[in-house]
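Notes follow the structure.
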Amino acid sequence: MDYNFLEIEKKWQAWWAANKTYKAVTDPSKPKYYVLDMFPYPSGAGLHVGHPLGYIASDIFSRYKRLKGFNVLHPMGYDAFGLPAEQYAIQTGQHPEKTTADNVARYRSQLDRIGFSYDWDREVRTCDPAYYKWTQWAFLKMFGSWYDNAMQKARPIEDLEAAFAQGGSAAVDAACGEVKPFSAEEWKAFSPREKADVLMQYRIAYQGESTVNWCPALGTVLANDEVKDGYSERGGFPVFQKKMTQWQLRVSAYAARLLEGLDRIDWTDSLKEMQRNWIGRSQGAEMVFKVKCDGASYDMTIFTTRADTVFGVTFMVLAPESEWVAKLTSASQKADVDAYLEQVLKKNERERMAAKAVTGVFSGSYAVNPLTGEEVPVWISEYVLAGYGTGAIMAVPAHDSRDYAFAKKFNLPIIPLIEGADVSEESFDAKEGIMMNSGFLNGLSVKEAIPAAIDYVEAHGIGHRKVNFRIRDAIFSRQRYWGEPFPVCYKDGIATPLPMEALPLTLPEIDQYKPTEDGQPPLARAKDWNYEGYPLEVSTMPGFAGSSAYYLRYMDPHNDKALVSKEADEYWRNVDLYIGGTEHATGHLIYSRFWNKFLYDLGYVVEDEPFRKLINQGMIQGRSNFVYMIPGTNKFVSAGLKDRYETIPVHVDVNIVYNDRLDMEAFRAWRPDYKDAEFILEDGEYVCGWAVEKMSKSMYNVVNPDQICDTYGADTLRLYEMFLGPLEQAKPWDTKGIDGVNRFLKKFWRMFWDREKWLVVDEEPTRAELKALHKLIGKEQEDIETFSYNTTISAFMIALGELQGCSKRAILEPLVILLSPFAPHIAEELWHQLGHEDSVVYAKYPEYVEEYTADDSVKYPVSFNGKTRFTVDVPASYSPAEVEASVLANDLTAKYVEGMQVAKVIVVPGRIVNVVLKK
RNA sequence: GCCUUGGUGGUGGAAUGGUAGACACGAGGGACUUAAAAUCCCUUGGCCCGAAAAGGCCGUGCGGGUUCGAUUCCCGCCCGAGGCACCA
């Protein structure tokens, strides 16, 4: 029998599906292991060869864990709400549900060909009402909760109302927006609308005005992580800053816990670091400055991390969007300030970032330095951000480079505060040195001065210690159609949650997927979009809503009473291994952690961190091929000769290039303008140039996994993707190397079959055969646990060489089990041919016996002063002293010792002998 | 600018401080074949010396250091990738 991969793969894929081989069932008698892939957004382009990389890695791990006796949960689903389907709908009028369903079907058929061990009974789709019912449910829970800073957890909003009735706003320490203090009596006297407005400031899902990223081209607001360099991540449209009222999630309340949790999870350092930067904790102080404007006087709070530099404050700066701007603009400066504001506020995000020039305007007001009593001018400049700290700063030009640039531009004084620091050309930003010009801080080091200054400030009631976070609340509404509707209606203009029984609130049908004429979101087009006569919210939830808790839903996907049952959650708990791309570092992976912690606070889940271990698979890049055209002609020059002509490189489809040799006939047939192409050849061949680029249609370097499955089989594809290099590293796809792993599988097959002859015999294996087998078992275990799949495959190839001609059942059976995580189809086929009726999935992983792999003798390389000269072969049982003796007895030693003396001999057991010589 | 990574043959890549380049691709040579495919065997980092066997020197981005011994550890540079970027 030959290795007919097409037949084998089809046969076993059908068999697995029919037998539900990979069905996961809660089984408390076994340890659980939860392996999760980041579920894909089903795009219209289908999968290319880079997409399944992480899926193959997680599949290998899942299969390995099953063999090791774990009860494995390995599900898959689709992140199906999203902008591309909706953009397509706007263009074609086709319902996004339809395109999404088509794309899902295509994805599924592509995934199925690769032989994954998913439990498809647990599939979820975020756009399915039965699924998004629980997304809406979570939103309602967040709407009905507030964050108690004292207890550091979310609590029901009823507790807050009770506290207000008891002691007014002072009774709680909560994460909240701007609230005017009120007493218990005032609270009780508030109208329903006033109460609603106050509570809105405390809710975890709340409506609030803030500066948001507005993308006119997409007609929607975007979250910070959806904006890259001033353009929308999807579509690349310009983004503007705009003040708008939007639904938001109080992610900032969880900043400290999101940061702390990173220490308890097994993620890569770079990813943790990205999240730490995104959360951006900074420790400092808030300080109050008296400010005066046209006779009026106010207390203005600023945030600083350098309280030690107060003596060097020579001016203050407000963000253009700050509320202080209106209060602190003097009558005489009003015209200038207005002109400046107009010019600044119309710029989009991109233009603001691109502008390197320092801009600003004097407000006309002055602030009083609380330590020196000196008056300094208050300026307005766009280099101060409205959203961070208090939107106002004290400027210390001597020791902050941004303040320095501003001071230079507007000729403001610069007072150096650190001994020996030269600030004539640039500021001295480092937190080191000895203080001067700083009153009571003189003589202290910066490290001592910072706390000393804050102590002083606190003692004198000027300010207090404060930790600030950079992370903002997540903007949670989108003015789009294809997303979860908010289960909220408006009664007399008050946002009111729908009752749980009303869920899921399904998306209404609309005639067009565009905004209305008067700029309302698409849902405003829906007829009867109201609940019991009250109008419903018309924006929808963003993409990350549906992906924030999907891992919980997989545990119990068909439950219509709860997101996940207590039993299922207590058994599966959280994800043991999560594999996905690093591009979600500051989006999905923050939101999920937040969402999970919220559910944890309310007692719905038992673990506060959702993903215990996380691996980032590296991107698979494309390898593009080029032909070299002589401009203005139809002549193409082979790569080796291109420098002799004036040429320009042109991308050529990698699928008509073999081993960098162009198929010239296929090239002429490829595009009409090339049908008369002439070639200037080297050695009768046309050699193409190549480069590593992103895999994309426009570079003609996309390789489709289906095509690889057709010509080599899924097992070869799986093996090759892993063999390409370390999982976490970015690497180019080059189909030409695939023959190597394909040959390996054919060789493996030939250990069982010589054409039509079945070779397997029941003979005792030799010691050498056992050694080869157990070396491989040891290596595979070690490698899989560390995700070094590429070296496992090498070890397999070596083992096959060592086992050449061996067809003993006692060797081959374990080999099949060892191979099954990597190449499940061929393993399943051979496993059944060996007489098993059950799937190889239920086999037991072979026990590693170290004794078999021990060497009888050891080859020691012998070095003289570090340079290796020869090797000696000594029994493995020799002690270092015996090894040394046998080396010194070797006649080759004399040759190298000639004229020298042996100073000492270093024997590293099992490794090397080094003889140190001296004159 | 800051943070995180990485830099090894023609290519992808191996190496708990211990014979650098495993394994694979490609290339070259050979066997089988009318031929091709498939399969199998040999060679393959560079240089020097030799008829050959053997032998020697240089080599892991660059420069130092620690060590008997460094791709690996330390210090300083250079280059590439990813992230953050007026966060006071």
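A note on names: the letters A, B, ... follow the listed sequences, proteins ahead of strands, and every chain is numbered from 1.
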Of all the choices, [options], which nucleotide is nearest to the side chain of [X] once you look at every atom?
{"X": "A:Thr791", "options": "B:A88, B:G26, B:A14", "answer": "B:A14"}
{"X": "A:Thr304", "options": "B:C23, B:G18, B:A88", "answer": "B:A88"}
{"X": "A:Ser794", "options": "B:G12, B:C84, B:A22", "answer": "B:A22"}
{"X": "A:Thr871", "options": "B:U19, B:C25, B:A15", "answer": "B:U19"}
{"X": "A:Pro861", "options": "B:A88, B:C23, B:U19", "answer": "B:U19"}
{"X": "A:Lys746", "options": "B:A38, B:A24, B:A88", "answer": "B:A38"}
{"X": "A:Arg470", "options": "B:A85, B:U19, B:G13", "answer": "B:A85"}
{"X": "A:Lys859", "options": "B:G12, B:A38, B:U19", "answer": "B:U19"}
{"X": "A:Ile906", "options": "B:C41, B:G18, B:C23", "answer": "B:G18"}

Between [atom2] on [N] and [atom1] on [X], what's the gap in Å once rounded to a whole number?
{"X": "A:Leu800", "N": "B:C40", "atom1": "CG", "atom2": "P", "value": "11 Å"}
{"X": "A:Tyr388", "N": "B:A85", "atom1": "OH", "atom2": "C1'", "value": "14 Å"}
{"X": "A:Ile738", "N": "B:G26", "atom1": "CD1", "atom2": "P", "value": "12 Å"}
{"X": "A:Asp754", "N": "B:U39", "atom1": "CG", "atom2": "P", "value": "15 Å"}
{"X": "A:Ile279", "N": "B:C3", "atom1": "CD1", "atom2": "C1'", "value": "15 Å"}
{"X": "A:Asn790", "N": "B:G13", "atom1": "CG", "atom2": "C1'", "value": "7 Å"}
{"X": "A:Gln275", "N": "B:U4", "atom1": "CD", "atom2": "P", "value": "16 Å"}
{"X": "A:Met274", "N": "B:G82", "atom1": "CE", "atom2": "P", "value": "11 Å"}

Point to revise | Cation-pi check, A:Arg593 onto A:Trp267 ring (under 6.0 Å, within 45° of axis) | key: yes
May I ask you to evaluate whether [X] reaches the phosphate of [N], defined as a side-chain N or O under 4.0 Å from OP1 or OP2?
{"X": "A:Asn659", "N": "B:A27", "answer": "yes"}
{"X": "A:Ser282", "N": "B:A88", "answer": "yes"}
{"X": "A:Arg869", "N": "B:G69", "answer": "no"}
{"X": "A:Asn277", "N": "B:U4", "answer": "no"}
{"X": "A:Arg911", "N": "B:U19", "answer": "no"}
{"X": "A:Gln729", "N": "B:G13", "answer": "yes"}

Check your understanding: Syn or anti for B:G9, taking syn as within 90° of 0?
Key -> syn
Touch class at under 4.0 angstrom, heavy-atom based, for [X] against every strand present:
{"X": "A:Arg750", "result": "sugar-phosphate"}
{"X": "A:Arg281", "result": "nothing"}
{"X": "A:Asp660", "result": "nothing"}
{"X": "A:Leu724", "result": "sugar-phosphate"}
{"X": "A:Asp269", "result": "nothing"}
{"X": "A:Lys272", "result": "nothing"}
{"X": "A:Val317", "result": "nothing"}

Practice item. For the residue pair A:Ile60 and A:Arg718, establish whether any side-chain heavy-atom pair is separated by less than 4.5 Å. Key: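 Sidechains of A:Arg718 and A:Ile60: in contact.
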Check your understanding: Do A:Thr791 and A:Lys779 have side-chain heavy atoms sitting under 4.5 Å apart?
Key -> yes
Nearest-angstrom distance, [atom1] atom, [N] to [M]:
{"N": "B:U16", "M": "B:C3", "atom1": "P", "answer": "29 Å"}
{"N": "B:A70", "M": "B:G65", "atom1": "C1'", "answer": "11 Å"}
{"N": "B:A22", "M": "B:G46", "atom1": "P", "answer": "13 Å"}
{"N": "B:U43", "M": "B:G50", "atom1": "P", "answer": "24 Å"}
{"N": "B:G55", "M": "B:U60", "atom1": "P", "answer": "23 Å"}
{"N": "B:G83", "M": "B:U44", "atom1": "C1'", "answer": "41 Å"}
{"N": "B:C2", "M": "B:U72", "atom1": "P", "answer": "25 Å"}
{"N": "B:A20", "M": "B:G45", "atom1": "P", "answer": "14 Å"}

Practice item. Scan A:Val913, A:Thr868, A:Leu888 and name whichever one has a side-chain contact (heavy atoms from CB on, under 4.5 Å) with A:Val862. Key: A:Val913
Practice item. For a ring-ring contact (aromatic ring centres under 6.0 Å, His included) with A:Phe744, tell me which candidate from A:Tyr712, A:Phe723, A:Tyr3, A:Phe796 qualifies. Key: A:Phe796
Point to revise | Given RNA chain B, 5'-ward residue of the pair A:Ser270 and A:Gly737, judged by closest heavy atom | key: A:Ser270
Review point. Pick the nucleotide of RNA chain B nearest each of A:Glu273 and A:Tyr383; which residue has the one closer to the 5' end?
Key: A:Glu273
Review point. Can the ring centres of A:Phe406 and A:Trp379 be said to be less than 6.0 Å apart?
Key: yes
Check your understanding: Hey, would you say the A:Trp753 and A:Phe748 ring centroids sit under 6.0 Å apart?
Key ->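 A:Trp753 vs A:Phe748: aromatic centres not under 6.0 Å.
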Review point. Between the main-chain N or O of A:Thr792 and the side-chain N or O of A:Asp783, is there a donor-acceptor pair closer than 3.5 Å?
Key: yes
Review point. Do any N or O atoms from the side chain of A:Lys272 and from the backbone of A:Leu262 form a donor-acceptor pair under 3.5 angstrom?
Key: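 Side chain of A:Lys272 to backbone of A:Leu262: a pair is present.
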Check your understanding: Of all the base pairs, Watson-Crick or G-U under 3.5 Å, which form stems of three or more consecutive pairs involving RNA chain B?
Key ->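 Result, WC/G-U stems under 3.5 Å: B:1-7 with B:78-84, B:10-12 with B:23-25, B:26-31 with B:39-44, B:45-48 with B:55-58, B:61-65 with B:73-77.
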Exercise for review: Starting from the C-alpha separation in whole Å, work towards a yes-or-no answer on side chain to side chain donor-acceptor pair (under 3.5 Å) for A:Asn701 and A:Asn625.
Suggested key: CA-CA 8 Å; A:Asn701 60 8; A:Asn625 277 116; over 6 Å; no
Review point. How would you list, by chain and number, every residue that makes a side chain to side chain donor-acceptor pair (under 3.5 Å) with A:Thr301, sequence neighbours excluded?
Key: none
